[in-house]
Structures are given as structure tokens and as C-alpha cells.
Amino acid sequence: MKELLLGKLDKNALPHEWFTIGGSVTFILMFLAVVAFITYKKRWRWLWDEWLTSVDPKKIGIMYFIVGGFMLLRGALDAVMIWLQQSLSAGSSHGYLSADHFQQIFTAHGNIMVFFVAMAFIFGLINYIVPLQIGARDLASPFLNTLGFWLFVAGVVMVNMFFFLGGEYAATGWLAVAPLSGTQFSPGVGVDYWLWSLQISGIGTTLGAINFIVTILKMRAPGMSLKKMPLFTWGSLCSMVMAVTVFPLLTATLFLLFLDRHFGSHFFTTDLGGNAMMYTNLVWMWGHPEVYILMLPAFGVYSEIVSTFTRKKIASYASNVIGMIGVSAFALLVWLHHFFTMGSGADINAFFGLMTMVIAVPTTMLFINWLVTMYRSKILFKTPMLWFLGFVGTFSFGGMTGVILAMPPADFQLHNSLFLVAHFHTMTIGGVLFGALAGISYWFPKMTGLRLNERIGRYAYWCWVSGFALAFVPLYILGLMGATRRLDHYESSTGWQPFFIVALLGGILIMVAIVLQVVQVIATIIQRKQLAVSGDPWNGRTLEWSTAPVPPAYNFAVIPEVTGSDAYWDIKQQASKKVVYEDILMPRNTASGIYISAFAFLTGFAFVWHINWLAIVSIIGIIAVIVSRNFDENTEYVLSAKEVEKIETERNKEFASKQHDIKKYEDADMGLIEFIRVVLNWALKTVRLKK
């Protein structure tokens, strides 16, 4: 009876190691602190009505940023733990982590940073900006959008559940290579947590990608043809087409692995007809395009920033678009370079090596366009532009090391070495994460009505760039010296320890950069009166800048007419027209996405612990909520023209006094010393009031 009710779940699943106990206590304290704060402020109803059940893509985008920011801290802490272990574990010293614990942290770090940080930031930007850029009031399916987000959140909870029940995470590497991920070598629940966190969030990604594609293709403003779409939207479209192409591959691969683990099938085992290399093929057919799924929206961000801060049209709009499409196409043809050593033969290795080099051609087209746009321009060096320049240096260096790895003879020597780890991080941090941070910095005034504190933002930027160089250049050297990845101990005679210590210092500097970015946001809130801006603080060129800061739920009171690729720039050159408001059909908030995601989480949890009755009940719950939603006819309401006019009048009045010139207020930015003083004064004042 106990096994029927609880499956494999028993008292041994409770936290019993120092790291799981510490993680559980930390998460519980954070949760209680948030609950206490919201209760104290009496904001539960507001939180539910205005945010959690919202279908507004802008609010969903902000929630992606919040969850992604939390997971960035979590993933960065894992990285520092890895560097600390490697810097200590030499010769007779074995550091502070066991080999198994080290591998679990290594796996969790990769999963978190790719799936739950990079994807969160990129999807947050797409949610907030794409509808505004194409002149749409919403996405094609507001419900699918909120469902995709909450499935992502369910994946976030699942990836951290081992702290509370199970006591272990996968120790298989971030892609859980077969047969190591099979029950023969990983009999615990760690791989199951890995599998279901990716499966649930991956389904949400696929739904979101379909929604964005339909929105971009069918809901553009009048006059906005494909040839006039902003470049960030083009990057997002290419990215989402790739996501729809390869994420079903991931879903199918994880399902087959689930069958192997749960029902004893043999798709990826080393016996009874299984083929472990088939798993590697399938997972990398998804895995390498995934890098470009994240990269292409970042390329779009850089295009927007370069155009805005050079005050010029992008040098060649057509070649930018062709470059993005070319990257998308070639990215689907390079997956096998991740395992040249599998023995496929010289012809296959030569083809994939050639494709890996060819993908540099459309990428170089983008770089040339950006550089030509900057040529003889009076560049405004604000933090978004600094992030772009940081990207140019790091990504170019990463691209050159990628060409080395694309050559099979060189790859045979460097495969599975720290050289490969350094290359991957150069591309993803220098390309994707810098792009996301650039986009958030660039569009922050649009999202909040506040310009981010420039001075502290620069401190964070320089800590990121210098910390990145300190952290990963030593890994390139170590890789050339023969150090393999996933290495938790080495002999002191190798001479590697000084390089690992330098890498640790770089990791600490990156953590300082992340803390500075948190401080930057807090300082901006403290200085909100001085840093308040209008809807167009950068003198932007695309439609999102035509709306007031923190655009209303309907985005545009009147859908604009588009005449060129720089739609708002063209509008600013024209005489203003009299505004005629009209009724707007708006989607109602819904909690259905939360309910479906909760049932999806329970389904995954049930399969992790083999609680079959819970899996059946949860699947029935998912079906019931979907059916109920489909029969709900009260999913929309009409916002009358009179109400729209009232909202717009009040908003225009509110922001009329905030037409601040960015340059005028640069001196108002507080530095770190002043920030510390303000925080200490606030703390002392609070203590006195309590007394």
C-alpha cells in the first residue's frame, strides 16, 4: 500500500547532505520573506489580479526577467563553487566537494544558465518588445503566452526540487549523455528531475515560439511588410522558426529517455539493441541550434542599439536580414562537430567541419554592417553601446577559437577539454548574455519610465568584461595543456593550479558585477525622480518608442501606419495628425495557465517518484483545465473609445513633465559611495522609527 501511494518516496528522500539542507533552508527562508512582505503590504489580491493571472505580454516579459535574474544568481553561485573546488583540489588536497557532488553542480550550472537564464532573458525581451515593434496590441494567443511562461516556471521549480526531496541532481553533464543517463549508471532520481524540468519548460518554449511566429506574420501594423520589420523582430522570427524546428526533437528525445528509465525500454542503452550515439545525435541536433536560438534575438538587439546610438540607419538592412536567415539555416547543419571523435568517417567530419566554418560568413556580414554603420558616426557611448562593444571583442575571439574546433584534427586534441568549455562560454556569455543585458539596459526606460543609473552600470560592465577575461582565458590555456572538462581533482605536478586560481578570481569579479547590477536597479529606484524619462529617451527609430513609458495593456491607442523600416523615425518627420480613438477588444486575465502548469509539474513529480496514481490524476487535471478553457466564452472584453481617451489623456499629462534630456541628468547619477550612504541613512532612520 505504501508503494502504491508514495511510489519510491520515503524518509530517505528528505535532505540529509549539507548542501541540500543548506539549499532547502535558504529557499524556505526566501519564500517566507516574500510571503511576509506581501502580507505586510496587503498585496496578495493585487499580485494575483495584476500580475500572476495577467495575459499582457509586457507583464509576462517582466516576470521572465525576475525569474531569470533569480536563476542567474543561482547559476553563477554554482560556477563559483566549481572554480573554488578546482582551485583547491590539487595533489593531496581534495577540495571541499566530493566528486559526485561536483558533477551534480556542473550539470545544474549548465542546465540553469542555458534553459532558465538565457531563455528567460531572451523570451522576456521578445514578449515585451516584439508586439510594440510591429504595432500589435497583443500576441496572437494571449493564453498560450501565459501558459508558456508558467510551464517555464514549473520547470524552474522542478530543477530545484532535489534540494527538498531526493537529495541529488543528475551527475551526467548538462545534456545527460547516454548511457550515463540510463538507470544502469544513474539509478537515483537526479536524472529524472533533470529530464522533467527540461521537458516541461521545453514544451512551454515550443508553444511560445508558435505564438510569436503567428504574431509576427499575421499581426503587423498596416504598411509593415516583412521588408520593413525592425531587425530585433527579424532576429526573433528567425529564432522562433528554429525553436519550432528543433524543440520537438528535444521533446521526443527526452520522452524516449523517459521510456528507458521508467519502463525499461532500450533506445539509448548499450545492450538489447540500444544505441547510445543516437542519443548524442538527437540531443545535439537540438543543442547546437539552441545556441543560435538564443543568439539571433541578441543580434537583433545589437542592430537596434548600433542604429540608435550612431543616429543612423543600419548600413544595409537587406544584408542584415539575409545574414540572420543564413545563420538560421547553417545552424541546423553543424551539430555533428560536437562529436567528431565518434568515428563517423573522414567524409562526414569534413562536411560538418566545412559547415561550421561557412556559418561564419553570414555572421561576418552582420559584423561588417554594424562596423560600417559606426564608421564616421558620432557615437553615443551609453551602457547599451558599451555592452555591444564588449560583445564585439569577446564574440570575435570566441568565433576564432570556434574555427579551430571546426577542424577535425584539432578537435581530436581539444575535444572534451577546458578549451571547449571556454569557447562555449565565450559565445554564450559574450553573445547571448551581453545581448540580453544590452537589451534590458536599452529598453529599461520603456519598461519603467526610468533610465538606469549610468555610473553604476558602467562599473558593472567593466567588472563583467574584466571578470570574464580573467575567468575564461586561463581555461583556454588549460585546455591546450590537456586539462579536461568536469575535472574535480588533478595532480599538483601538472602546474595547473595557478590558472584555476586566476579563473576563480575572475568568477568572483563576475559575481561582483551581478551584485552591482542589483545595486544599479536599487539606485535607480532611489533616484526615480531625477531619472524619470519620456517615452523616447534615446531618440529611437522603431515603433516601441512611440508609446509612453510603461505602455498600457493595449499598447497603441491607435494602430500606426508604417512607411519604412525605421517606422517611428519616419513618423517623427511628419506632421502630427488628429487622434481618433476606437473601441479595443481586450483579452481577460486567466489563471488557466497556472493550473495547467501546476498539474504538469505534478505529472513530472509523479513520474520522478513512480507515483502512478498521481500521474494519472494530474494528466486528467491538465485535460480538464484545457477543456474548461476551450468552453469558456467570457475570455474577452471591450474597452470603449471613451475609456481609451481618458487613459491616454491622463498618461500624457503624467509624462508631460518628464521630457528630460538624458545628457542633462548624467551628473545626477549617484556613485557607490553615495549609494552606501543613502542605504545606511535609510537603515538608521528605520531603526529609530521602530524604537
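A donor-acceptor distance shorter than 3.5 angstrom exists from the side chain of Trp613 to the backbone of Leu5, with no hydrogens or angles considered. When atom types are taken as modelled, the side chain of Ser441 and the backbone of Ala438 share no donor-acceptor pair closer than 3.5 angstrom. Glu544 places no side-chain N or O within donor-acceptor distance of the main-chain N or O of Lys446, the cut-off being under 3.5 Å. No side-chain donor-acceptor contact under 3.5 Å links Arg74 to the backbone of Phe70. Using a distance-only test at 3.5 Å, with no hydrogens or angles considered, no donor-acceptor pair links the side chain of Thr233 to the main chain of Met229. In this structure a side-chain-to-backbone donor-acceptor pair under 3.5 Å is missing from Arg486 to Asn416. Listed for the Ser239 side chain is no donor-acceptor partner under 3.5 Å among the backbone atoms of Gly235. Although no hydrogens or angles enter the test, the distance criterion places no donor-acceptor pair under 3.5 Å between the side chain of Thr215 and the main chain of Leu139. Under a 3.5 Å cut-off, the side chain of Thr20 and the backbone N or O of Pro15 do not form any donor-acceptor pair.
Scored by the side-chain hydrogen bond (donor to acceptor under 3.5 Å, both in side chains) test, Tyr442 finds Thr308, Trp545 as partners (sequence neighbours excluded). The side chain to side chain contact (heavy atoms under 4.5 Å, CB included) test applied to Ala76 returns Met511, Ile514, not counting sequence neighbours.
Separating the OH atom in Tyr292 from the CG atom in Leu332 is a distance of 11.0 Å, to the nearest 0.5 Å. To the nearest 0.5 angstrom, Glu50 atom CD is 7.5 Å from Asn589 atom CG. For the atom pair CG (Asn160) and CD1 (Ile112), the distance works out to 5.5 Å, reported to the nearest 0.5 Å. Atom CG of Leu180 and atom OG1 of Thr172 lie 6.0 Å apart (nearest 0.5 Å). Remark: Phe601 CZ to Phe599 CZ distance equals 13.0 Å, nearest 0.5 Å. Annotation: the span from Ile62 atom CD1 to Phe65 atom CZ amounts to 6.0 Å, rounded to 0.5 Å.
Phe258 and Trp196 have their aromatic ring centers within a separation under 6.0 angstrom. Less than 6.0 angstrom separates the ring centroid of Trp335 from the ring centroid of Phe352. For an aromatic pair to be called close, the ring centres must be under 6.0 Å apart, and Phe123 with Phe152 fails this. Two rings, from Tyr193 and Tyr169, have their centers 6.0 Å or more apart. For Phe268 and Tyr279, the distance between ring centers is under 6.0 angstrom. Residues Trp194 and Phe115 place their aromatic rings such that the two centres sit no closer than 6.0 Å. For an aromatic pair to be called close, the ring centres must be under 6.0 Å apart, and Tyr64 with Phe121 fails this.
Phe267 places none of its side-chain heavy atoms less than 4.5 Å from the side chain of Met278. Under the 4.5 Å side-chain criterion, counting only non-hydrogen atoms from C-beta, Gln199 is not in contact with Met158. Residues Pro131 and Asp138 form no side-chain contact, since every pair of their non-hydrogen atoms from C-beta on lies 4.5 Å or further apart. Between Val321 and Leu231 the shortest side-chain heavy-atom distance falls below 4.5 Å. Under the 4.5 Å side-chain criterion, counting only non-hydrogen atoms from C-beta, Phe19 is in contact with Gln104. Put simply, the side chain of Phe116 reaches to within 4.5 Å of the side chain of Ser197, judged on heavy atoms. Side chains of Ser181 and Ser186 form no contact here, defined as non-hydrogen atoms less than 4.5 Å apart. Within the 4.5 Å cutoff, no side-chain heavy atoms of Ser236 are placed close to those of Phe212.
Here the shortest heavy-atom pairing between Phe556 and Leu132 reads CZ-O, 3.2 Å. Counting all heavy atoms, side chain and backbone alike, Ala553 lies closest to Lys58 at O-NZ, 3.5 Å. The shortest non-hydrogen separation linking His109 to Gly75 is ND1-O, 2.9 Å.
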* **Verdict with supporting geometry, Val25 and Leu29, side chain to side chain contact (heavy atoms under 4.5 Å, CB included)** => CA-CA 6 Å; Val25 171; Leu29 290 177; 3.8 Å; yes

* **Asp78 and Met81: CA distance, side-chain angles, deciding distance, side chain to side chain contact (heavy atoms under 4.5 Å, CB included) verdict** => CA-CA 5 Å; Asp78 281 346; Met81 291 178 71; 4.3 Å; yes

* Going through the distances and angles, do Arg485 and Val421 end up as a side chain to side chain contact (heavy atoms under 4.5 Å, CB included)? -> CA-CA 7 Å; Arg485 57 180 170 176; Val421 173; 3.4 Å; yes

* Going through the checks in order, is the side chain to side chain contact (heavy atoms under 4.5 Å, CB included) test met by Met71 and Val159? -> CA-CA 10 Å; Met71 294 303 285; Val159 82; 3.9 Å; yes

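Inspection of the Asn555 and Arg137 side chains reveals no N or O donor paired with an N or O acceptor under 3.5 Å. Side chains of Asp260 and Ser265: a donor on one and an acceptor on the other come within 3.5 Å.
For CZ of Phe631, the number of neighbouring non-hydrogen atoms (other residues, nucleotides, ligands) closer than 6.0 Å is 12 at most. Atom CZ of Phe27 has more than 12 neighbouring heavy atoms from other residues, nucleotides or ligands inside a 6.0 Å radius.
Applying the side chain to side chain contact (heavy atoms under 4.5 Å, CB included) test between Val244 and each of Thr205, Leu207, Ile210 identifies Ile210 as the sole match.
Within the cation-pi definition used here (under 6.0 Å to the ring centroid, within 45° of the axis), Lys59 qualifies as a partner of Trp51. Note that Arg629 lies in the cation-pi zone of Phe143, set by a 6.0 Å cut-off to the ring centre and a 45° limit from the axis.
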